[in-house]
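What follows is a short report on a single structure.
All values derive from a computational prediction rather than experimental measurement. Naming convention: chains lettered A, B, ... in sequence-line order (proteins, then strands); numbering from 1 in each chain.
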Number of protein chains: 2
Amino acid sequence: METMLPSREPGQTKRRILEVAIELFSQNGYSAVSVREITKHVGIKESALYNHYKTKDEILQSIYQLFTDASEGNTLPSPEQLEAMLQHVDLQTFLKQGFEQFKRTIENPLLTQIWRILNIEQYRDARAREIILTRIYKGTIDFLESAFLLLQQNKKIKDTYSPRMLAVEYQYPIFAMMTEYLLLRFDNKETDELQQRVEAHIQYFNDYVRP
Amino acid sequence: METMLPSREPGQTKRRILEVAIELFSQNGYSAVSVREITKHVGIKESALYNHYKTKDEILQSIYQLFTDASEGNTLPSPEQLEAMLQHVDLQTFLKQGFEQFKRTIENPLLTQIWRILNIEQYRDARAREIILTRIYKGTIDFLESAFLLLQQNKKIKDTYSPRMLAVEYQYPIFAMMTEYLLLRFDNKETDELQQRVEAHIQYFNDYVRP
DNA sequence: GTCTATAACATGATAGAC
DNA sequence: GTCTATCATGTTATAGAC
């Protein structure tokens, strides 16, 4: 008689641990989730987890790594690509494309869960802080600044304000709406009004910088 | 020979517990801080804590209450007060006053610490979520909406956009900058540039809605 | 009423032997 | 992969001191 196939494909258990941990950490935070709870969901004994991860913290580290990899995956265009693109495209189209990118991000459950984890751990864990400040805040603003600079040089938008300031005025409301979105969705509340706000914000910004 | 005055003023220990808990929770989150750690900092035995709080959660509850009380303390003006005020005051002055209020908030260590705790606990704890969504987000936007409506009626600002939308455009960047500020300060990093951004944002908004 | 001292119990992360 | 052991943690309880 055959055994109950305890022989899963190699690497599957490790992947399952990561998935379950992301799910649980994003709801309760790293510190409030026990290894016991993770392994129960995965269907293995506590100690078996240590065959795949040296410590509980190493799981968290892997989660951060996953986010970093994904951010580099849907990589921002290079300066040359950006320049070529903005030759043919006006502000409206550029912002619309950015918005579509934004929507894909928030519709990706994995990324939103890790985003929540980063928010929860940002004070306890300097690695989360680093990702938020450098990769999310600074990275986005730097990118938009270079884009707006090019648009100003091409006379496609007003140059009353510095490109960096325009980047902040455009992006920061979107950060705040993202935060609110994550909270509303956590309670399965409606986010239609919020989506309209994002679109209205793009319209407002567009009106303001039109030359 | 006198004893080492174990007789402190009544209520002092309870207050010390709260202070220490706010300090520790704001750095590590509720779940990562042990009762042992709190009582060690206070200088009492673990079991003595339960003379003041029924559970560890009751401490957290008191912290939320403190924030709620403080929010109601520096209470927003009533609709009548607001109307009277906006008769005499232009947008620039109104926003400047709001900014001063904002600065006082972020310079109050207790409030910033509790703000951090709310951020950490927002997914694990529905009470934190409620405070952020209702008291902070909705409360602020509702207030600004009524203010901008009055300013529009007094022809002190343009009425191209709805007052609610103006409230969002004005306040959401400030929310995001507040979040960034809390992170930067946690690492004792410079926040001068951020402060300039807030002022530039107010200027930008002011220019935009000037009739 | 508030403190100390001490102990008990269930649950937590982790290590080592199998 | 499992089982077992170790040590920290939240909580309750008991007894005694001011």
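- Residues B:Y161 and B:V209 form no side-chain contact, since every pair of their non-hydrogen atoms from C-beta on lies 4.5 Å or further apart.
- Rounded to whole angstrom, the span from the CD atom of B:Q12 across to the C1' atom of C:dG1 amounts to 16 Å.
- Between B:K45 and C:dC3 there is no side-chain polar atom (N or O) within less than 4.0 angstrom of OP1 or OP2.
- Ring-plane geometry between B:F143 and B:F94 is classed as tilted, the angle between the planes lying from 30 to 60 degrees on a 0 to 90 degree scale.
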For nucleotides 8-11 of chain C, print each protein N/O atom paired with a nucleotide N/O atom at under 3.5 Å, atom names and distance only.
none

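- A salt bridge does not link A:R104 with A:E107: every distance from a Lys NZ or Arg NE/NH1/NH2 to an Asp or Glu carboxylate oxygen is 4.0 Å or more.
- Classification of B:E100 and B:K96 as a salt-bridged pair fails, no side-chain N sitting under 4.0 Å from a carboxylate O.
- Rounded to whole Å, the distance from CD1 on B:I59 to C1' on D:dG10 is 11 Å.
- Under the 4.0 Å criterion applied to side-chain N and carboxylate O atoms, A:E121 and A:R124 are assigned as salt-bridge partners.
- Look at OH on A:Y30: it is 12 Å from C1' on C:dG12, rounded to the nearest Å.
- Summarising the geometry, the separation between CD on A:E58 and C1' on C:dA13 is reported as 14 Å, rounded to the nearest angstrom.
- Protein atom CD1 of A:I38 is 18 Å distant from nucleotide atom C1' of D:dG1, rounded to whole Å.
- Annotation: A:Y208 is not in aromatic contact with A:F205 [ring centroid separation under 6.0 Å not met].
- Between B:I38 and B:E46, every side-chain heavy-atom pair lies at or beyond the 4.5 Å cut-off.
- B:N28 places its CG atom 15 Å from the C1' atom of D:dT9, with the value rounded to the nearest Å.
- Less than 4.0 Å separates DNA chain C from at least one heavy atom of each of the following residues of residues 46-54 of chain B: B:S47, B:A48, B:N51, B:H52.
- If you measure from atom CG of A:D57 to atom P of C:dA13, you get 13 Å, rounded to the nearest angstrom.
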Does the pair A:R127 and A:D57 meet the rule for a salt bridge (charged side-chain N to carboxylate O under 4.0 Å, His left out), with working shown?
CA-CA 12 Å; A:R127 294 166 300 184; A:D57 181 83; 2.8 Å; yes
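- Between B:K189 and B:E180 there is no salt bridge, since none of the side-chain N atoms of the basic residue sits less than 4.0 Å from a carboxylate O of the acidic one.
- The distance from atom NZ of B:K56 to atom C1' of D:dG10 is 8 Å, rounded to the nearest whole Å.
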